[in-house]
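Heads up, the thing below is written out as structure tokens.
Predicted, not measured: the structure shown is a model, and the values here were computed from it. Note on naming: letters A, B, ... go to the chains in the order of the sequence lines (proteins, then strands), and numbering restarts at 1 for each one.
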Amino acid sequence: MQILLIEDEGDLATYIARCLTENGHIVDHSPRGDSGFQLANNGNYDLLIVDRMLPGMDGLALVKALRVLKSEIPVLFLSNLAGIDERVEGLNSGGDDYLAKPFAAQELLARVNALLRRPHRVGQPTTIHVGDLEIDLIQRQAKRAGREIDLFPREFSLLEYLMRRPDQVVTRTMILEGVWDYHFDPKTNIVETHISRLRSKIGGDLIQTVRGSGYLIRAARAVT
Amino acid sequence: MRRGQLLKSASFRLAAAYVGLFCISVGILAGLIYVYATSELRHEIRTRIVADSSALREEYSRGGLKQLEDAVADRQRGRLVGGLDYAIFDSKGKHLFGDLPAAPCVHGWTTFTGPPDGDEPSGEMESLGVLITPLPHGNCLFVGDDIGKVRTFGSLILGSFGWVFLLTLILAIGGGVFLSSRVLRRIETINRTAEAIIEGDINRRIPRRGAPDDLDRLAATLNRMLDRMTALMESLRHISNDVAHDLRTPLGRLRRTLEQASLTVTSQAEFKQVLQNAVVEVDGILETFGAMLRIAQIESGSRRGGFCRIPLSDLVREVSDTFAPSIEDSGRSMELKIQPECWIQGDKELLIQSLANLLENAITYTPVGAHVVVSLMRNKSEIELCVADNGPGVPATMRQNIFKRFYKVDPSRTAAGNGLGLSIVAAVAELHAARVFANDNKPGLKIALVFSAAA
């Protein structure tokens with residue numbers, strides 16, 4: 001996939017670019033906001049990674065300008081400003097995700113992959129299948145091989161979050177943000193304990209732990 | 001220089017303005033009294049002259065010239081000081097009686113001036129006001145009185161006012177100088193103290209006189225302000241000390257590990273392990289910084305603008321449910337006592353984080369088997385959120401310190417946390433104008449947040 005990285009910190013840009021290239025992406029880099037905007041506007045990219053504070057043109061302004069031009073390209077904001085207001089501002093200006101520096105490489109990769117797979121304007125499905133596991137988003141019910149599974153609301157949300165991203169690694173932070181809307185890092189293993197309870201209810205084989213990264217529900221494996 | 005300072009001082013100017021105002025009012029008073037008194041006196045003299053003239057005219061019409069002369073002679077014989085002067089002229093203007101000079105016999109007032117007789121102000125002539133009354137058969141009656149005494153009386157009034165005026169002026173100026181120099185001295189003391197503090201003697205305070213006047217109150221207020229500032233500076237110094245200390249420890253540990261590794265590690269696997277440990281250590285440091293930035297952001301109060309009505313009962317239940325599996329898996333138990341429909345004005349995210357911090361503390365600082373009670377109670381206009389455990393608790397002497405940044409009840413347990421969890425809770429409480437308490441749960445620790453309920 002073609003990714004445009006607009007980041008003025010040289011070291012960080014090199015680190016991100018290498019990390020993405022190693023995972024099979026093609027990365028263009030621009031160290032300035034204004035030239036980055038030109039590239040983004042003219043080029044054909046699948047994803048933008050934009051720093052919030054850039055020389056030439058502010059990251060927020062850049063994304064706003066792109067959205068005005070009807071660009072629907074997914075945008076991941078990077079920022080030193082880990083504050084809550086800044087995150088909300090970033091998402092309001094048209095960003096699709098927000099990652100505070102410093103971050104782990106896995107976290108970045110997981111979020112990039114999630115954004116690249118984000119379906120563009122697909123009608124909302126009412127049921128999701130992964131293998132023989134099926135969830136009904138309206139009834140809020142889960143069934144495995146036709147047998148109903150009794151889930152707490154939060155467990156259902158967690159399962160839904162994972163099933164909407166089959167074969168994708170989702171990190172602990174992504175789950176905290178996506179399922180609980182928690183934007184801080186609890187030291188308690190709440191994600192782990194919820195995953196383990198969910199596993200014990202739906203069967204241990206579906207949700208895999210990816211060491212050092214997060215979790216993944218594998219659609220292909222369940223089929224076989 | 002000192003005199004210039006005195007003349008420019010606010011208190012001296014105030015005194016001078018008072019003196020000026022007083023002088024003007026005394027002047028107006030003197031003028032009014034002068035005008036009123038002299039015109040009254042003049043009126044009285046004329047009334048007496050008019051009355052006597054008509055009495056004498058009566059005598060004349062009853063007994064002719066002879067009786068008139070007798071009556072006048074009678075009056076002159078019994079004349080006392082301040083009595084009237086008389087004269088009678090016949091139709092040819094011949095002087096028949098009395099010692100007033102001649103004048104045309106026309107009814108009305110006239111004024112004679114003559115040589116001074118001793119009661120006039122020096123250098124002035126005797127001045128007589130005379131009423132001329134024509135009588136039948138061409139005779140003419142003059143009745144007069146010394147009107148110079150009106151002016152004498154007036155000067156007396158003005159003179160005494162002048163003395164009062166002078167005395168007042170002297171007293172006022174003297175008093176003004178005295179008072180303002182006293183005030184100036186005290187202001188100078190305050191000034192010198194301030195200069196000393198600017199120079200670096202931060203513990204200097206303005207000396208008090210113990211008198212309950214406004215300058216002493218000002219000194220007390222300034223001293224209190226200085227105390228507060230010193231305390232704030234002290235706590236700031238503490239915080240930066242603590243930051244330095246708290247970051248030195250893990251950085252030192254990191255350095256030791258890396259140094260050790262560079263000397264002893266030989267295999268790739270070992271090396272990887274060392275690096276992974278280093279990353280964990282650095283993450284801890286970054287987390288400490290993140291927490292400090294978060295506290296700073298909360299304390300700035302900027303989040304207050306985004307406050308909205310929060311269903312605290314639902315929030316507490318959801319967060320507790322989220323943590324319940326972790327608490328149970330850790331071998332502890334949790335009990336919820338949540339009164340429904342408790343609403344407050346607040347910031348959802350920060351409230352969640354505070355409760356999460358409290359629950360995490362209850363897990364971290366209690367032994368396995370501990371029981372945690374989360375309660376939410378509404379009491380009239382107040383809502384109390386409590387997280388209580390039956391663990392070892394915190395000694396009473398340390399309890400008030402646990403909300404301070406980097407404070408650790410047991411400093412040897414470095415791994416247990418960064419000492420900022422409860423500081424965040426305290427900052428969030430302050431943002432919500434809530435009171436926060438740490439109490440003895442007998443046994444255990446009970447942290448309570450008291451919010452005011454939303455309408």
Side-chain angles (χ1 to χ4, degrees), chain A residues 12 15 19 52 79-89 91-92 98-107 151-159 161 171-173 175-201 211-213, chain B residues 272 276 279-280 282-298 300 302-306 314-315 317-330 332 347-364 415-418 420-421 424 428:
Chain A
L12 182 64
Y15 168 73
C19 169
R52 265 287 304 270
S79 175
N80 274 323
L81 312 164
I84 313 147
D85 304 325
E86 285 82 5
R87 190 190 66 241
V88 174
E89 259 178 51
L91 298 184
N92 283 346
Y98 196 99
L99 189 55
K101 296 180 201 168
F103 47 79
Q106 275 95 348
E107 188 70 42
L151 293 179
F152 287 123
R154 199 62 87 177
E155 289 168 343
F156 186 87
S157 304
L158 177 57
L159 184 59
Y161 187 85
T171 64
R172 186 169 161 269
T173 320
I175 292 174
L176 280 171
E177 289 179 6
V179 179
W180 276 275
D181 197 23
Y182 284 6
H183 299 275
F184 59 96
D185 192 11
K187 278 174 279 299
T188 314
N189 52 353
I190 52 177
V191 175
E192 289 80 347
T193 50
H194 275 85
I195 292 272
S196 86
R197 296 206 171 194
L198 187 58
R199 268 188 189 135
S200 69
K201 286 185 181 176
R211 260 203 85 207
S213 296
Chain B
K272 201 168 173 184
Q276 273 170 3
V279 168
V280 170
V282 170
D283 280 346
I285 297 169
L286 288 171
E287 197 184 295
T288 302
F289 270 118
M292 282 170 56
L293 287 172
R294 198 152 173 100
I295 292 176
Q297 195 195 19
I298 296 166
S300 77
S302 63
R303 308 266 311 161
R304 211 171 275 137
D314 298 349
L315 185 147
R317 185 171 295 283
E318 275 170 34
V319 175
S320 304
D321 285 348
T322 298
F323 279 79
S326 303
I327 291 175
E328 284 161 23
D329 287 3
S330 74
R332 295 166 180 85
D347 184 301
K348 185 179 168 201
E349 189 159 333
L350 294 180
L351 290 168
I352 289 176
Q353 185 174 7
S354 299
L355 182 55
N357 286 2
L358 292 177
L359 290 172
E360 282 177 353
N361 275 1
I363 300 171
T364 316
N418 52 25
L420 290 172
I424 290 183
V428 171

*Is any side-chain N of the basic residue among Arg197(A) and Glu328(B) closer than 4.0 Å to the acidic one's carboxylate O?*
yes
*Sequence neighbours left out, what passes side chain to side chain donor-acceptor pair (under 3.5 Å) with Lys272(B)? Give chain and number order.*
none
_Report which part of Glu287(B) has an atom under 4.5 Å of a heavy atom belonging to chain A: side chain, backbone, both, or neither._
side chain
*asked:* Could you check whether any side-chain heavy atom of Leu351(B) comes within less than 4.5 Å of a side-chain heavy atom of Leu315(B), counting everything from C-beta outward?
replied: yes
_Is Ser330(B) close to chain A through its backbone or its side chain, or both, or neither, when contacts mean heavy atoms under 4.5 Å?_
neither
*asked:* Which residue is it: Trp180(A), Tyr161(A), Phe156(A), Phe152(A)? I am looking for the one with a ring-ring contact (aromatic ring centres under 6.0 Å, His included) to His194(A).
replied: Trp180(A)
*Output all residues satisfying ring-ring contact (aromatic ring centres under 6.0 Å, His included) with Phe184(A), sequence neighbours left out; order by chain, then residue number.*
Tyr182(A)
*Which bit of Leu293(B) is near chain A, if near means a heavy-atom gap under 4.5 Å: side chain, backbone, both or neither?*
neither
*Which bit of Val319(B) comes within less than 4.5 Å of chain A, counting heavy atoms only: side chain, backbone, both or neither?*
both
*asked:* Given heavy-atom pairs under 4.5 angstrom as the criterion, report whether the side chain, backbone, both or neither of Asp283(B) touches chain A.
replied: neither
*asked:* What part of Pro102(A) gets within 4.5 angstrom of chain B, counting heavy atoms only: side chain, backbone, both, or neither?
replied: side chain
